[in-house]
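What you see below is based on every heavy atom in this structure, not just the backbone, and it leaves out hydrogens, waters and symmetry mates. Quick note on labels: first sequence line is chain A, next is B, and so on, each numbered from 1.
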There are 2 protein chains.
Amino acid sequence: MNLRQLAQMLALSQTTVSRALNGYPEVNEETRRRVMDAAKRHGYRPNPSARRLATGKSGMIGYVLPTGAAVDIDPHFVEFLSGLGDYARSHDLDLVLSPADVDDQETTYRRIVANRQVDAVYISSPRPADRRVALVNTLGIPFIVHGRSEGSDFEYPYLDIDNEGAFQEAARLLVQLGHRRLALINGDDRETFAIHRELGMRQALAASGLRLEDRHVCSVVMTEENGYRATRRLLEQDGAPTAIACSSLIMALGVVRAVRDLGLGIPGDVSLIAHDDVFPWLKPENFSVPLSTTRSSIRLAGARVAERLAARISGLEEGARGEVWPVDLVVRGSVAGAPA
Amino acid sequence: MNLRQLAQMLALSQTTVSRALNGYPEVNEETRRRVMDAAKRHGYRPNPSARRLATGKSGMIGYVLPTGAAVDIDPHFVEFLSGLGDYARSHDLDLVLSPADVDDQETTYRRIVANRQVDAVYISSPRPADRRVALVNTLGIPFIVHGRSEGSDFEYPYLDIDNEGAFQEAARLLVQLGHRRLALINGDDRETFAIHRELGMRQALAASGLRLEDRHVCSVVMTEENGYRATRRLLEQDGAPTAIACSSLIMALGVVRAVRDLGLGIPGDVSLIAHDDVFPWLKPENFSVPLSTTRSSIRLAGARVAERLAARISGLEEGARGEVWPVDLVVRGSVAGAPA
DNA sequence: CGAAAAAGCCAAAGCGCTTTGGAAGACTCT
DNA sequence: AGAGTCTTCCAAAGCGCTTTGGCTTTTTCG
């Protein structure tokens with residue numbers, strides 16, 4: 001059942017039927033009711049391909065997915081997706097993942113914009129002066145950055161959590177507990193979130209006349225194994241740290257294992273605070289020693305990003321509004337006073 | 001630059017240019033070269049919306065994503081996606097995720113098929129006589145099932161791993177080591193993979209005159225916490241099992257923690273074998289006691305599913321071919337002879 | 001050499017929707 | 001009553017591609 005048939009059936013023109021259905025004002029309310037009624041009764045659904053060709057709107061939001069034999073998609077992605085999908089569902093949006101070579105995402109961005117494949121995109125894991133952000137900004141497609149990309153000469157809309165504040169608070173707590181040598185096991189420090197977290201720690205320490213030694217900072221891909229390795233390296237050196245902040249629960253698994261392997265204890269010998277993105281399948285309170293965390297639901301962020309994308313598509317939101325969510329510091333058993 | 005302009009530029013008709021570009025035979029090779037040349041030089045890219053409207057083909061593969069406030073996307077999904085995306089990239093396919101209410105996916109399947117939004121779909125985590133499989137089968141869109149759905153009265157194409165054989169082998173090994181009371185901590189037993197795994201264990205045990213007691217079988221959502229709880233429940237009962245097979249590495253984390261909490265040891269008191277889908281961020285060899293596993297890369301499966309979908313779209317593959325991959329049993333330190 | 005077949009190209013008709021530019025009729029106002 | 005203004009609807013022109021049906025021109029072959 002297409003528009004023409006429906007129009008014929010109602011003895012109206014396609015124009016009128018189309019307008020009635022799309023809520024244009026220049027149609028009699030009585031007529032509109034008749035049209036909508038008939039449409040519903042016959043289960044008429046406008047053909048999206050045709051609509052897209054005519055309007056250029058696709059009803060989809062896009063994400064360029066970096067891929068490659070050596071590229072692993074972050075498990076955080078799936079949680080973000082849960083939130084995004086949940087919102088998208090209730091608003092009839094689809095999400096299209098366009099896989100791209102990790103080293104050439106520009107081509108893909110250009111393609112999806114030129115082809116008008118999606119109405120909006122989001123960008124995740126941004127870096128300082130991220131080229132993707134600059135690109136979509138000039139391409140003129142609605143977008144939201146999940147995270148921040150600093151050092152660009154333009155404003156852009158984003159949603160981020162207060163990584164700096166979170167790790168600042170975490171470090172402050174540890175210092176208050178008497179720790180003097182803190183360590184940070186961070187994610188890839190080319191990404192802004194990691195930079196902010198390091199910055200936050202440095203600031204908190206500086207405020208107490210302390211500093212974060214370079215040898216006490218690790219930047220690695222966030223796997224259990226890397227958490228383990230980093231921890232061993234940290235704890236086996238002279239002047240080992242007595243407290244560790246860790247950028248992910250997954251790495252924290254490795255931290256805990258390493259501490260145990262070294263015959264040390266949490267929080268007796270080492271205090272630990274990790275960042276928790278709130279996975280349903282791995283909870284900090286269930287660690288052998290319940291983990292203190294800086295907590296922020298990445299899932300909620302996904303839903304919010306979807307919401308704002310929808311708003312931008314429909315013109316309800318515009319401009320370069322940045323949104324920074326506070327992060328909870330949740331204290332559990334994994335922190336204690338510094339060992340004597 | 002659109003087709004008409006290109007045709008005008010070449011002083012040819014749109015027909016000829018279109019045919020030249022799409023490799024139809026009724027065009028002079030010399031002409032074809034000229035056309036392709038000009039197309040490349042001017043960076044002509046056919047408008048996919050227009051092409052889609054004309055042909056009904058979208059160049060996308062689809063996945064209906066069950067969502068809901070209480071629905072968590074499985075972290076396995078992201079690994080599968082890595083493989084799928086990697087293949088899709090090299091073949092210019094996009095993936096569209098259509099979020100659907102977990103309790104009404106049919107509407108969404110019908111929509112994406114009726115609207116011809118995608119050229120093919122895949123279905124994951126199937127159950128016996130899965131209605132989604134029956135649905136897409138009757139809807140007539142190319143599809144592949146990742147997993148199996150038994151008890152339907154029709155054939156369909158699928159890719160699955162030999163879950164039954166894997167757990168059979170695992171159980172056999174444990175029995176050979178002298179274990180008599182085995183337990184299974186399984187995933188949701190409404191899904192085929194879980195059913196197959198249980199079946200495999202039962203068969204192996206039966207072959208030795210043993211049986212898997214119902215109280216030694218747990219079926220839970222695969223989280224760390226559920227692994228922990230299940231293990232405590234198992235080990236705190238009379239006639240506790242001396243060996244556990246576990247359907248996921250994530251649950252295995254909880255198993256290990258529970259065993260430790262109970263003051264028991266692996267493999268001294270309890271042997272453990274888990275299924276490993278091969279996550280880059282959590283490896284069985286890195287558990288405090290290296291984990292024996294039944295191993296199968298879900299990522300490779302994703303790539304293979306994409307490959308077969310592409311083949312089906314282009315008509316290279318047809319029929320209801322089922323493909324079952326063998327699973328490796330990798331023995332590490334977590335298994336030992338049964339305690340006296 | 002002439003008829004039949006093949007090769008190479010084109011005009012035009014879709015695909016199903018939105019949107020522009022009116023036009024007819026109803027209503028308002030002086 | 002006539003001009004002007006709304007209201008309500010329509011015909012037709014896109015959007016950019018594929019594909020049908022047909023028309024020349026060239027090649028093939030008895």
Side-chain angles (χ1 to χ4, degrees), chain A residues 1-36 38-39 42-60 92 111-119 313-315, chain B residues 1-36 38-39 42-60 92 111-119 313-315:
Chain A
M1 158 82 35
N2 60 23
L3 186 63
R4 186 174 46 191
Q5 295 169 341
L6 187 63
Q8 219 147 21
M9 178 163 300
L10 287 160
L12 285 171
S13 74
Q14 292 191 37
T15 310
T16 304
V17 175
S18 171
R19 284 183 160 149
L21 258 23
N22 294 324
Y24 282 72
E26 56 267 79
V27 45
N28 191 319
E29 276 311 320
E30 154 70 16
T31 309
R32 187 193 304 280
R33 196 176 0 267
R34 263 181 60 221
V35 171
M36 300 206 108
H42 294 82
Y44 168 75
R45 307 282 283 149
N47 177 321
S49 302
R51 164 175 283 178
R52 164 186 303 202
L53 179 59
T55 64
K57 302 248 141 209
S58 66
M60 303 179 145
D92 281 321
R111 170 174 64 84
I112 65 179
V113 171
N115 292 346
R116 312 189 135 231
Q117 294 199 181
V118 296
D119 297 338
I313 290 172
S314 62
Chain B
M1 158 82 32
N2 60 23
L3 186 63
R4 184 172 48 189
Q5 294 168 343
L6 187 63
Q8 219 147 21
M9 179 162 302
L10 287 160
L12 286 170
S13 74
Q14 293 191 38
T15 311
T16 303
V17 175
S18 171
R19 285 184 161 150
L21 258 23
N22 294 325
Y24 282 73
E26 56 267 81
V27 46
N28 191 319
E29 278 310 321
E30 153 70 19
T31 310
R32 187 193 304 281
R33 197 176 359 267
R34 264 180 59 219
V35 171
M36 300 206 108
H42 294 82
Y44 167 75
R45 307 283 282 149
N47 178 321
S49 303
R51 163 175 285 178
R52 163 186 305 202
L53 179 59
T55 63
K57 302 248 141 206
S58 66
M60 302 180 146
D92 281 320
R111 171 174 64 83
I112 64 178
V113 170
N115 292 346
R116 314 191 131 225
Q117 294 198 181
V118 296
D119 297 339
I313 290 173
S314 61

Residue that, paired with B/Arg52, satisfies side chain to side chain contact (heavy atoms under 4.5 Å, CB included) out of B/Lys57, B/Met60, B/Arg116: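 Going through B/Lys57, B/Met60, B/Arg116 one by one, the side chain to side chain contact (heavy atoms under 4.5 Å, CB included) with B/Arg52 is satisfied by B/Met60 alone.
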Identified side chain to side chain contact (heavy atoms under 4.5 Å, CB included) counterpart of A/Arg51 within the set A/Asn47, A/Leu53, A/Thr55: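 Among A/Asn47, A/Leu53, A/Thr55, the one meeting side chain to side chain contact (heavy atoms under 4.5 Å, CB included) with A/Arg51 is A/Thr55.
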With heavy-atom distances below 4.5 Å as the criterion, would you say the side chains of A/Val17 and A/Leu3 are in contact?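 Touching, per the 4.5 Å side-chain cut-off.
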Heavy atoms under 4.0 Å, any strand shown: does B/Ala20 hit a base, just sugar-phosphate, or nothing? nothing
Which part of the nucleic acid does B/Ala7 contact within heavy-atom distance under 4.0 Å: base, sugar-phosphate only, or nothing?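 Answer is nothing: B/Ala7 stays at 4.0 Å or more from every strand.
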How close or far is atom [atom2] of [N] from atom [atom1] of [X], stated in whole angstroms?
X: B/Gln5; N: D/dC15; atom1: CD; atom2: P; result: 10 Å
X: A/Arg52; N: D/dG14; atom1: CZ; atom2: C1'; result: 18 Å
X: A/Glu30; N: D/dC9; atom1: CD; atom2: C1'; result: 14 Å
X: A/Asn28; N: D/dC6; atom1: CG; atom2: P; result: 18 Å

Between CZ on residue A/Arg4 and CE on residue A/Met9, distance to nearest 0.5 Å: 12.5 Å
Within this structure, what is the OG1-CG distance for the pair B/Thr16 and B/Leu10, rounded to the nearest 0.5 Å? 10.0 Å
Of all the heavy-atom pairs spanning A/Tyr44 and A/Met1, show the shortest one and how long it is. CD1-O, 3.3 Å
Counting primed atoms, P, OP1 and OP2 as sugar-phosphate and everything else as base, the B/S/- map of nucleotides 16-22 of chain C against protein heavy atoms under 4.0 Å is BBBBBB-
